[in-house]
Each structure stands twice: as C-alpha cells, then as structure tokens.
Amino acid sequence: MAGKLIILSGPSGTGKSTISRKILEMDEFNLSFSISACSRKIREGEIEGKDYYFLTIDSFKSKIEDNEFLEWEEVYPNQYYGTLKIEVERLKSMGKNIIFDVDVNGAMSIKRRYKEESVTIFIQPPSLDTLEQRLRSRKSETEETIAKRLRKVNMENTYARKFDHVIINENLDDAVKKAADIVRDFLIQ
Ligand code: 5GP
C-alpha cells in the first residue's frame, strides 16, 4: 500500500490542517504530507520546507511558466499556492502514501489527474459563526484576511458534493476518527 493520495479540502479554519496532522501521526498509514509552494508570507511558528516552500510571487510565476506544478491556484488575490510535480514524485519514490491540504479547485485538479489512486475529503465547518470564531482565535489573522477567507466560504461549500466524502467538523476527535476510517478503507482497497 503505497503511492495513494488522500486529498483534504474545505474552507480555511475548518480544522483541515489539524485533522491532517493527527492522521499523519498515525503510523499505520505510511503517510507523508505534500508540502505545497506558496507566495504568502511565512507565519510565526511556520518552517520553510516543512509547512510550505515559501516563494516570492516572481519565482512562483516562473515555476508556473516552466510547467513545474501539478496544480496551482490564486487562492486569495495575489496569494498563490500550488503542488509541485517534483514533490509528489519525491514522496512516491520514497514509497509513501501522500496527504494533501489544498483548496477546492486544487483538490479537483489532483483528483482528475490521479482518479483511481486518490480519495477526496471535504471538511465542513458546522456553521459560519463557528468558522468565524475559529479564524479569530488564530492570532495570526488580521481583520482583512479573516474577511477574505469568509468571503470564499459559500463558493467552497458548493463544492462539497463533488467530493468522495464530507465530514462536518463539529467535534475534532470525531472528525479525526471519521477521516481515519475513510483513509483506512481507501488504503486497503
Ligand atoms: P493557509 O494560508 O491558511 O496556509 O492556506 C490557505 C488555503 O490554501 C487553504 O485552503 C489551503 O488548503 C490552500 N492550499 C495550500 N496549499 C495548496 C496547494 O498546493 N494548492 C492549492 N490549490 N491550495 C493550497
């Protein structure tokens, strides 16, 4: 069981990255995290080459030109995020299954490319209010970035039905358990 792709997506603040971290900690899955490239500023506590490959906009755009991305999106105005082909090859060559934390469009693109080898999971917030509270409790967000993220939620929610699975993250432990069950079922197929 190697080379399979688990694609997590959903609005910002739904707990996607916490869920992916917890799944990664479970040894049974032989999983590694796909480190994306992005053009936003590094946040306090983040590590270059672990959380993201942080690039300038110019260098991100030159990688687009050079066709180095499996997928990329301007997730927020002037903030680019993308999966480098070489990252997926690196993890596959290590014999790993791969977990992705990408936006809804990125999830659809990866699924199109790796149909049978991938499963898509949409993490949904229980409500808009909860989401707003979660974003506010992240001290790293400014009013502007919170507003930017909330504006996208309705669009993102319309994508839910295109995913193989939807998990409503009301309670983190339950959501992690549901995600782990989906991953387990998918990896033994
Ligand atoms: P954040 O700035 O909070 O780290 O991430 C913002 C959004 O970008 C999240 O929804 C995250 O899933 C998405 N994202 C992160 N990496 C990628 C990527 O490689 N491709 C795409 N399409 N979206 C990504």
Side-chain angles (χ1 to χ4, degrees), residues 5-24 32-57 59-61 63-64 67-92 98-114 118-125 128 131-160 162-163 166-167 169 175 179:
L5 278 49
I6 319 289
I7 308 165
L8 285 190
S9 194
S12 179
T14 47
K16 254 179 319 176
S17 41
T18 313
I19 294 171
S20 84
R21 194 160 6 94
K22 301 238 176 218
I23 302 278
L24 275 160
S32 282
F33 181 65
S34 163
I35 303 162
S36 296
C38 79
S39 73
R40 76 151 163 75
K41 287 204 193 80
I42 188 163
R43 291 183 194 141
E44 209 182 309
E46 286 183 327
I47 298 171
E48 157 64 29
K50 177 168 180 283
D51 296 290
Y52 282 106
Y53 301 114
F54 292 95
L55 306 178
T56 60
I57 292 203
S59 112
F60 198 104
K61 286 185 175 166
K63 288 189 190 302
I64 296 175
N67 199 20
E68 289 186 36
F69 286 104
L70 167 61
E71 61 78 34
W72 62 270
E73 297 291 332
E74 188 176 359
V75 177
Y76 304 106
N78 248 338
Q79 278 184 25
Y80 293 81
Y81 295 80
T83 308
L84 290 160
K85 290 177 185 168
I86 200 172
E87 174 70 2
V88 177
E89 284 157 21
R90 177 178 79 85
L91 298 174
K92 276 184 173 256
I98 310 174
I99 191 161
F100 297 79
D101 173 346
V102 293
D103 89 316
V104 287
N105 293 307
M108 295 297 110
S109 304
I110 301 171
K111 179 75 186 177
R112 256 195 308 278
R113 164 73 179 77
Y114 292 101
S118 68
V119 67
T120 52
I121 307 174
F122 187 85
I123 312 290
Q124 200 158 35
L128 210 57
L131 190 68
E132 187 169 348
Q133 276 166 27
R134 285 187 195 161
L135 286 173
R136 284 189 194 287
S137 69
R138 277 188 193 172
K139 297 290 176 242
S140 57
E141 307 286 341
T142 61
E143 281 303 315
E144 191 196 336
T145 61
I146 291 173
K148 203 153 76 170
R149 280 157 197 260
L150 288 173
R151 273 199 296 275
K152 280 201 82 162
V153 177
N154 287 335
M155 177 284 280
E156 287 165 326
N157 279 337
T158 62
Y159 273 77
K162 300 187 180 175
F163 280 69
V166 176
I167 296 173
N169 183 12

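Order of listing sets the numbers, starting from 1, for every ligand and every atom in it.
Checked against a 6.0 Å centroid threshold, the rings of Phe60 and Tyr53 do not count as neighbours.
A salt bridge links Arg90 to Glu87: one of the charged nitrogens lies within less than 4.0 Å of a carboxylate oxygen.
Residues meeting the salt bridge (charged side-chain N to carboxylate O under 4.0 Å, His left out) test with Asp103, sequence neighbours left out: none. The salt bridge (charged side-chain N to carboxylate O under 4.0 Å, His left out) check on Arg138 picks up Glu141, with sequence neighbours excluded. Under the salt bridge (charged side-chain N to carboxylate O under 4.0 Å, His left out) criterion, Lys22 pairs with no residue, sequence neighbours left out.
Sorted by chain and number, the residues within 4.0 Å of ligand 1 by heavy atom are Lys16, Ser36, Arg40, Arg43, Tyr52, Glu71, Glu73, Val75, Tyr76, Tyr81, Gly82, Thr83, Asp101, Val102, Asp103, Gly106, Arg149.
Side chain of Glu68 to backbone of Leu84: no donor-acceptor contact under 3.5 angstrom is found.
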